Amino acid sequence: MARQEYIDLATLQDVIKEQVGHIEAWVKVELDSCKCSGGHWYLGLIQKSADGEELAKARGIIWRWKADLVNYFRQASGKELCAGISILVRVTVNYDARYGMSLIINDLDAEYTTGQREKEKQATLKKLGSEGLMEAQQELALPYLPGRIAVISSADAAGYGDFTRQLEQNQYGFLFDTTLFHSVMQGDSCPQSIADSIELACEEPGAYDLILILRGGGAESDLFCYDDYNLCRAIASCPIPVLTAIGHERDYHIADMVAREYFKTPTSLAAFLVDWVADVEAEWTASVRAIKFALGSRISVLENETKRCVSNISFALNSCLTALDHRLEMLENRIKAADPRSILSQGYVLASDSKGNILKSAKAAAKGDDFKLRFKDGLWDCRIEDTKINKE
């Protein structure tokens, strides 16, 4: 058997390296892993079918002298290089006899990823709309006064500090009852952290009247997490009114759209709370003034009515007393007229038996009985010698 022509492994790999070394292309890939070491970025690149089957796999490298690509990508797309995201990369193929094939990444298309993010945002809006959650918070009534307030923020965030100072230094001296729920306010863990804080604030029914989410500025890419579906769903379905202040003047996110109210900055939200309480105070002051005026008028009316009643009672009493005086006078005259002494003064006498009983008839005594005759000025002791009875 004739000996076959052959080449050694290193020669074969040199041939492969020579053949593929000039290949350069834009490739759509999904990140399976991502690690930075020594300034170099090592990426696991894969392609999957629609049903999740792995179709291809390769190793991608961003050399440290190209590491600015990572920062550019983060700022432009709002995404971190991490497992699970799809990216569009310009690569050259590198083949090494010891390490095999690698794809050297020379560029990243942030616009592609930004487009993907916009698609995700529109999908989130559509899903929230289909679930009836876009306007759910608008159906909640704001309390009459902002009583107990749950604040979701990071304790060391500049926005939270600005908010706190604005409340504490308000010109009216109002006091506000706030409780901080410390949360991660940016990055991949931000949505779940805020959603957990919302759930915690709602655990005790009636414990809080408002929930505020404060972020306050930062790079635009730091705020893309506020378009996350799960976070926005947690806000929209919250039974307590949620007010957001998570960006600068130019920022507007889905979290703002589904909140009961949104504000451009934490300081503007603080000013809103102060003005809210000031308006209620003004309303109360006006009410007190109106009540005082109404009571003053009512007291004046009551005083006039009292004076009229006193006058009427006085007149009635005087009339009653005059009538009584007249009646007493008549009674006095009648009594005087019936007084025996008055009768005796007119020349009449009063006859009584020996026991003092008044004799009103000639038949009341008989012959030989003793009797008395009383005059105005004295008394006679008498005896009946004879009686004469008038014939009727």
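Since we're looking at a predicted model, the values are computed, not measured.
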Subject >> Cluster overlap Leu125 with Val258, hydrophobic side-chain contacts below 4.5 Å >> reply: yes
Subject >> Thr267: partners by side-chain hydrogen bond (donor to acceptor under 3.5 Å, both in side chains), with sequence neighbours left out >> reply: Thr265
Subject >> Hydrophobic cluster identity match, Met185 and Leu200, side-chain contacts under 4.5 Å >> reply: yes
Original post:
Are Leu359 and Leu373 joined in one hydrophobic group, where the rule is that I, L, V, M, F, W and Y side chains link up if heavy atoms are under 4.5 Å apart?
Top reply: yes
**OP:** Describe, in one word, how the ring planes of Phe176 and Phe174 are oriented to each other, choosing from parallel (under 30°), tilted (30 to 60°) and perpendicular (over 60°).
**Re:** perpendicular
Subject >> Whether Phe272 and Phe263 hold their rings parallel, tilted or perpendicular, with breakpoints at 30° and 60° >> reply: tilted
Original post:
Can Asp209 and Arg148 be counted as an ion pair, charged N to O under 4.0 angstrom?
Top reply: no
Original post:
Ion pair present between Arg90 and Glu24, side-chain N to carboxylate O less than 4.0 angstrom?
Top reply: yes
Original post:
Any Lys/Arg nitrogen of Asp381 or Lys372 sitting under 4.0 Å from an Asp/Glu carboxylate oxygen of the other?
Top reply: yes
Original post:
Can you name the closest pair of heavy atoms from Cys34 and Leu43 and give their distance?
Top reply: SG-CD2, 3.4 Å
Original post:
What are the two closest non-hydrogen atoms of Val91 and Asn106, and how far apart are they?
Top reply: C-ND2, 4.2 Å
Original post:
Taking side chain as C-beta onward, heavy atoms only, is Leu243 less than 4.5 Å from Tyr262?
Top reply: no
Original post:
Listed by chain and number, what are the salt bridge (Lys or Arg N to Asp or Glu O under 4.0 Å) partners of Arg64, not counting sequence neighbours?
Top reply: none
Original post:
Can the ring centroids of Tyr208 and Phe181 be said to lie less than 6.0 angstrom from one another?
Top reply: yes
Original post:
Do Asp256 and Thr244 pass the side-chain hydrogen bond (donor to acceptor under 3.5 Å, both in side chains) test, and can you show the C-alpha distance, the side-chain angles, and the key distance before you say yes or no?
Top reply: CA-CA 6 Å; Asp256 297 320; Thr244 59; 2.7 Å; yes
Original post:
Are Tyr144 and Trp276 co-members of a hydrophobic cluster defined by side-chain heavy atoms under 4.5 Å apart?
Top reply: yes
